[in-house]
Amino acid sequence: MTPGTESLIRLDRQYLWHPFTQMKGWCDPAYEPLVLVEGDGAILRDSEGREYIDGNSSIWTNVHGHRHPAITAAMKAQLDKVAHVSFLGTTNEPAIRLAEKLVNLLPAGDYSRVFFTDNGSTAIEVAVKMTLQYWQLIGRPERNRFVAFDNAYHGDTVGAASLGGVSAFTQRFAPVHFAIERVDSTDALARLDANSIAAIIIEPMVQGAAGIRLWPEGTLRRLREWCDAHEVLLILDEVLTGFGRTGKMFACQHDGVRADFLCLAKGLTGGYVPLAATLTNESIYSAFLGEYQDLKTLFYGHSFCGNPVGCAAALASLEVFEQEETLRHLGEKITYLSELLSRVRQNAYVFEIRQCGFIAGIEVRQPDGTAFEWTSQTGARICQRAREYGLLTRPVLDTLVFMPPYCITREQMDAAFVALNQAILDICQGT
Ligand SMILES: *Cc1c(COP(=O)(O)O)cnc(C)c1O
């Protein structure tokens, strides 16, 4: 390790606290954190000059690859004008143009209003608050309960985490979470008293943080029907699935389902800077209109709502989708990913493959199908070994996640799977 890298890691260990990270392990001298310095397409470079395939799109955010010239140029051009202005009482052109563009990406009439925030969790928070206030404003305050699914993940702020169903993430904070009606499937909806329910939230098609779990075919349509029958609002969390991940621009387009709220973040700016959007319809929005004295205003916001640099990045990313026909090319890569997955399925330690568009989960177990002890961190050790073979990713327990930027080449995909396959063998055979 060069002295430069060494001193950075020393300072990191002295001053930082990383997310979702056991810092004792991070600070163990046997562990070498990577200092990433550069990106180019699907490749990341560290401070030692080593190159890696970005196998999880930098925690599920990146879309077109790193340092795409069009996105970089759009952000620089905006920085040359102004980096940030308030969205409370003033407005800005990139935010206006982006809102128009987002509404028009979806079927006419489905959504008409865009509320910008900073990240996936806040995109959910605002949908929750709009829902509660909406029912109060139309004179039905008894509708104040939320339904969420087992194993759901909607973010880490207290409100978003209340909806979460991954107990390892939520258990400790349960004393401050609001009460939820928890269901494990659309069948379970039948036993709910729908009259007190304000909204139901779902990650359409696939639960990401739960370990890439796919919903049965038709889940979203059945949910929509139940919501229609019982006047319950539907919140779609497309923080992960939005912007092409599932093969279409949005996961809800596979089923042609309209929701009352569509929450977007991660890939919105191409994954370049934080920005989120919560889309809703005119019926929700108009309930909030009135005189100031009526106190119908939505008292919610963040300092960086509508940040012009983020909005400029998002606009540029959406233009790249059009100019490069990203979704058409992605279709071919999704097919190729299926091929690579069916090959790695031959590995004796691969128990199950779960694919949704350009999202793949590879679950490893013992050859006889029994799971590894969770304490042995098999998935994490496999990813750590894959890093030595030039692939960066993170598992969910023993499910290895592969969801690279869409610009990844076939050769890079091949190399990623060679790394994965070898890393699985190395760790599971105990070498
Ligand atoms: C990542 C994620 C979130 C939270 O987004 P943050 O930007 O990390 O707050 C919410 N929902 C889903 C489905 C996600 O994958």
Side-chain angles (χ1 to χ4, degrees), residues 57 60-65 68 70-71 74 94-95 97-116 119-120 123-124 127 202-208 212 214-215 217 219-221 223-224 234-273 275-281 310-335 337 355-360 403-408:
S57 294
W60 312 359
T61 57
N62 196 283
V63 172
H64 304 292
H68 191 292
I71 304 177
R97 301 249 177 253
L98 177 58
E100 178 190 28
K101 193 124 200 170
L102 288 173
V103 165
N104 289 306
L105 279 177
L106 287 136
D110 277 10
Y111 304 95
S112 59
R113 297 282 160 181
V114 179
F115 195 100
F116 286 119
N119 58 66
I124 304 294
I202 188 171
E203 298 154 82
M205 291 185 88
V206 55
Q207 291 183 317
I212 317 298
L214 312 183
W215 287 114
E217 179 70 30
T219 295
L220 197 54
R221 282 195 303 275
L223 194 53
R224 178 73 259 174
L234 176 59
I235 304 173
L236 289 188
D237 179 351
E238 292 230 29
V239 171
L240 164 63
T241 52
F243 303 101
R245 262 302 145 196
T246 66
K248 290 190 189 283
M249 193 54 112
F250 301 106
C252 62
Q253 294 173 318
H254 291 268
D255 282 309
V257 162
R258 175 197 63 80
D260 299 284
F261 298 96
L262 181 67
C263 303
L264 307 170
K266 290 193 168 102
L268 171 57
T269 59
Y272 279 44
V273 280
L275 182 72
T278 303
L279 276 62
T280 190
N281 56 50
C311 292
L315 276 169
S317 171
L318 292 174
E319 268 161 38
V320 172
F321 269 104
E322 289 168 23
Q323 273 167 16
E324 297 184 0
E325 297 182 76
T326 307
L327 292 178
R328 189 168 61 79
H329 296 301
L330 184 61
E332 294 153 20
K333 288 179 190 175
I334 289 171
T335 307
L337 176 60
Q355 182 187 7
C356 175
F358 217 41
I359 307 172
M403 54 166 111
Y406 309 161
C407 66
I408 190 170

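Below, all heavy atoms of this structure are taken into account, side chains as well, without hydrogens, waters or symmetry copies. Just so you know, residue 1 is the first one in the sequence shown, and it goes up from there.
The distance from the CH2 atom of Trp215 to the CG atom of Leu223 is 8.5 Å, given to the nearest 0.5 Å. Remark: Ile359 CD1 to Ser57 OG distance equals 9.5 Å, nearest 0.5 Å. From Leu337, atom CG reaches atom CE of Met403 across 11.0 Å, with rounding to the nearest 0.5 Å. If you take OG1 on Thr269 and CG on Leu264, they are separated by 11.5 Å, rounding to the nearest 0.5 Å. Here the straight-line distance linking atom CG of Asn119 with atom NZ of Lys266 works out to 9.5 Å at 0.5 Å rounding. Note that OG of Ser317 and CD1 of Ile71 are 4.5 Å apart. Values are rounded to the nearest 0.5 Å.
Considering only heavy atoms from C-beta on, Phe116 comes within 4.5 Å of Leu98 through its side chain. Between Asp110 and Leu262 there is no side-chain heavy-atom pair separated by less than 4.5 Å. The shortest side-chain heavy-atom distance between Ile235 and Thr278 does not fall under the 4.5 Å cut-off. Looking at Asn62 and His68, their side chains never come closer than 4.5 Å, going by heavy atoms from C-beta outward.
Residues Gly310 and Val273 come closest through the heavy atom pair CA-CG2, 3.7 Å. Residues Leu275 and Ala314 come closest through the heavy atom pair CD2-CB, 4.3 Å. Heavy-atom minimum distance, Val206 versus Leu214: CG2-CD2, 3.8 Å. Of all non-hydrogen atoms in Val114 and Ala277, the two that sit nearest each other are CG1-CB, 4.0 Å. Nearest heavy-atom pair, Ala276 versus Ala123, reported as atom, atom and distance to 0.1 Å: CB-CB, 3.9 Å. Looking at every heavy atom in both residues, Asp237 comes nearest to Thr241 through O-OG1, 4.2 Å.
Other residues, nucleotides and ligands place more than 12 heavy atoms under 6.0 Å from the CZ atom of Arg258.
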**OP:** Check the pair Val257, Arg221 against side chain to side chain contact (heavy atoms under 4.5 Å, CB included), reporting the backbone distance first and the verdict last.
**Re:** CA-CA 6 Å; Val257 162; Arg221 282 195 303 275; 4.0 Å; yes

Requested in this report: Assess whether side chain to side chain contact (heavy atoms under 4.5 Å, CB included) is satisfied between Met205 and Lys248, documenting all intermediate values.
Outcome: CA-CA 12 Å; Met205 291 185 88; Lys248 290 190 189 283; over 6 Å; no

Exercise. Check the pair Gln253 / Leu106 against side chain to side chain contact (heavy atoms under 4.5 Å, CB included), numbers first and verdict last.
Key: CA-CA 8 Å; Gln253 294 173 318; Leu106 287 136; 4.2 Å; yes

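In this structure, Tyr406 contributes its side chain and His329 its backbone to no donor-acceptor pair below 3.5 Å. Between the side chain of Tyr111 and the main chain of Leu105, no donor-acceptor pair closer than 3.5 Å is present. Panel note: side chain Lys333, backbone Phe358; no donor-acceptor pair is recorded below 3.5 Å. Under the 3.5 Å distance criterion, the side-chain polar atoms of Thr61 are left unmatched by any main-chain donor or acceptor of Gly267. Counting only distance, with no hydrogens or angles, the side chain of Gln355 and the backbone of Ile334 share a donor-acceptor pair below 3.5 Å. Remark: side-chain polar atoms of Thr280 are not paired, donor with acceptor, to backbone N or O of Phe261 under 3.5 angstrom. Looking at His64, its side chain never comes within 3.5 Å of a backbone N or O of Gly270 through a donor-acceptor pair. A donor-acceptor pair under 3.5 Å links the side-chain atoms of Glu238 to the main chain of Ala251, judged by distance alone. With hydrogens and angles disregarded, no donor-acceptor distance shorter than 3.5 Å links the side chain of Arg245 to the backbone of Gly357. Checking side-chain atoms of Thr246 against main-chain N and O of Cys356 turns up no donor-acceptor pair under 3.5 Å.
Evaluation of the ring pair (Phe, Tyr, Trp, His ring centres under 6.0 Å) rule for Trp60 yields no partner, not counting sequence neighbours. For Glu322, the salt bridge (Lys or Arg N to Asp or Glu O under 4.0 Å) partners at least two apart in sequence or on another chain are Lys101.
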